[in-house]
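Okay, structure first, notes after.
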There are 2 protein chains.
Amino acid sequence: MRLSTKGRYAVTAMLDLALNGKNGPVTLAEISENQGISLSYLEQLFAALRNKELVRGVRGPGGGYYLGKSADEISIANIICAVDEWVEFTRCGGRQNCSGGARCLTHTLWDDLSSEIFNFLANISLGDLVRRNLNKKEDEESSLSVVADADSQAA
Amino acid sequence: MRLSTKGRYAVTAMLDLALNGKNGPVTLAEISENQGISLSYLEQLFAALRNKELVRGVRGPGGGYYLGKSADEISIANIICAVDEWVEFTRCGGRQNCSGGARCLTHTLWDDLSSEIFNFLANISLGDLVRRNLNKKEDEESSLSVVADADSQAA
DNA sequence: CCATTCCCTAGTAAATCACTTGGTAATTAG
DNA sequence: CTAATTACCAAGTGATTTACTAGGGAATGG
């Protein structure tokens with residue numbers, strides 16, 4: 001299980017693409033400018049995203065990137081897995097010698113948690129994120145209680 | 001937002017402590033043995049956990065570590081924050097010059113997602129994890145469908 | 001006293017991060 | 001056709017992080 005800043009860059013870039021790619025492709029130069037990410041680093045991230053067919057590149061003037069499928073079909077887990085090589089840890093059914101000991105139980109607990117986190121992220125799509133934010137702007141228009149709660153707990 | 005293998009080590013160690021610390025303190029040597037983590041690395045992790053009062057050390061022979069509070073009062077987010085320095089990213093209300101542009105919207109979306117992930121992890125306690133697993137063993141005793149699903153999606 | 005345990009500092013090889021440099025390949029506008 | 005534009009590709013780099021080793025204390029129990 002891995003969720004680094006690299007994943008954040010990828011999600012951020014994909015969000016930018018989902019937001020600005022409604023009519024015509026978006027160039028990496030634009031995303032680089034918008035999000036403050038170096039062009040060449042974006043190229044590396046997009047190479048990984050392209051391998052997983054989450055984006056589609058078009059070369060030449062007027063070219064750029066499209067989403068590889070609809071924003072609703074791309075989950076946050078998909079994006080993070082593409083660039084961050086999600087490692088599902090030590091289901092130690094064989095490899096390790098932890099036959100029923102405390103080690104194996106702990107590993108099982110961790111694996112369950114890891115799966116839960118994955119499923120959580122797999123159930124949020126790019127489209128969800130965009131829509132949720134627009135709805136929130138309409139509905140609330142004032143407070144940001146969720147974020148405030150998280151901050152206070154984190155501190 | 002950060003969720004590295006270091007956090008995994010910390011959660012694993014805390015799980016071990018929750019499982020084995022029912023009667024008397026648990027030594028880092030035991031956890032090191034159980035979980036296959038180097039003793040000195042554990043010491044560093046537990047220094048961070050101690051700072052956040054998630055564990056309590058007792059020196060001398062027969063000593064070891066206790067949980068700093070009950071397993072139900074310790075969330076996974078607490079543990080990860082302790083060792084991984086959870087960085088809440090770029091709520092760019094001031095620092096950056098993204099006045100209403102695509103950058104700021106994307107950052108807002110990311111911040112919302114980040115908060116959601118945090119809240120998700122904040123709502124799972126060590127106690128939950130242990131109980132959930134014990135219940136599952138009683139209830140199902142056969143299939144591990146959740147984990148299987150996650151694996152197939154990850155691949 | 002002395003063994004045990006926590007506690008602390010420093011250093012390190014390997015990996016990862018975010019980036020730079022310097023290209024090549026395809027496509028379009030003129 | 002040419003030149004500009006864009007995606008694509010590879011190699012390398014300083015900074016940071018990871019997981020660990022080494023080498024010590026400081027407190028406590030027998």
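Letters go in sequence order (proteins before strands), and every chain restarts at 1. Nothing here was measured: the structure is a model prediction, and the numbers come from that model.
A:Asn78 places a side-chain N or O within 3.5 Å of a backbone atom of A:Ser75 that can act as its donor or acceptor partner. The backbone N or O of B:Asp111 sits less than 3.5 Å from a side-chain atom of B:Ser115, completing a donor-acceptor pair. No donor-acceptor pair under 3.5 Å is formed between the side chain of A:Gln35 and the backbone N or O of A:Ser32. Side-chain atoms of B:Thr5 never come within 3.5 Å of backbone atoms of B:Arg8 as a donor-acceptor pair (strictly under, hydrogens ignored). Looking at A:Glu30, its side chain does come within 3.5 Å of a backbone N or O of A:Thr27 through a donor-acceptor pair.
No hydrogens or angles considered: a donor-acceptor pair under 3.5 Å links the side chains of A:Asp16 and A:Asn20.
In this structure, B:Tyr65 and B:Phe46 have tilted ring planes: the angle between them lies in the 30° to 60° band. The aromatic rings of A:Phe120 and B:Phe120 sit parallel to each other, their planes meeting at less than 30°, with 60° as the upper class boundary.
One interatomic measurement links the two molecules: CD of B:Glu30 to C1' of C:dT5, which rounds to 11 Å at whole-angstrom precision. Computed from coordinates, the B:Leu39 CG to C:dC7 P distance equals 12 Å when rounded to whole Å. Rounded to whole Å, atom P of D:dG25 lies 14 Å from atom CZ of B:Arg59. For the pair A:Leu42 CG and D:dT6 C1', the computed distance is 14 Å after rounding to whole Å. We find that CD1 of A:Ile31 is positioned 13 Å from C1' of D:dT6, with the value rounded to whole Å. Atom CZ in A:Arg8 sits about 8 Å away from atom P in C:dA18, given to the nearest Å. As rounded to whole Å, 14 Å separates atom P of C:dC7 from atom CG of B:Leu45. A:Arg56 places its CZ atom 17 Å from the P atom of D:dT6, with the value rounded to the nearest Å.
For the segment residues 15-27 of chain A, no residue has any heavy atom less than 4.0 angstrom from an atom of DNA chain C.
Under the rule for a side chain to side chain contact (heavy atoms under 4.5 Å, CB included), the partners of A:Ala18 that lie at least two apart in sequence or sit in another chain are A:Leu67, A:Leu126.
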Query raised in the report: When you check every protein heavy atom under 4.0 Å of nucleotides 10-17 of chain C, what one-letter string (B, S, -) results, 5' to 3'?
Result: B------S
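A sub-4.0 Å separation between OP1 or OP2 of C:dC7 and a side-chain N or O of B:Arg50 is present. Regarding contacts with the backbone of C:dC7, a side-chain N or O of B:Tyr65 is found under 4.0 angstrom from either OP1 or OP2.
Counting atom types as modelled, B:Glu43 pairs no side-chain N or O with a base atom of C:dC6 as donor and acceptor under 3.5 Å.
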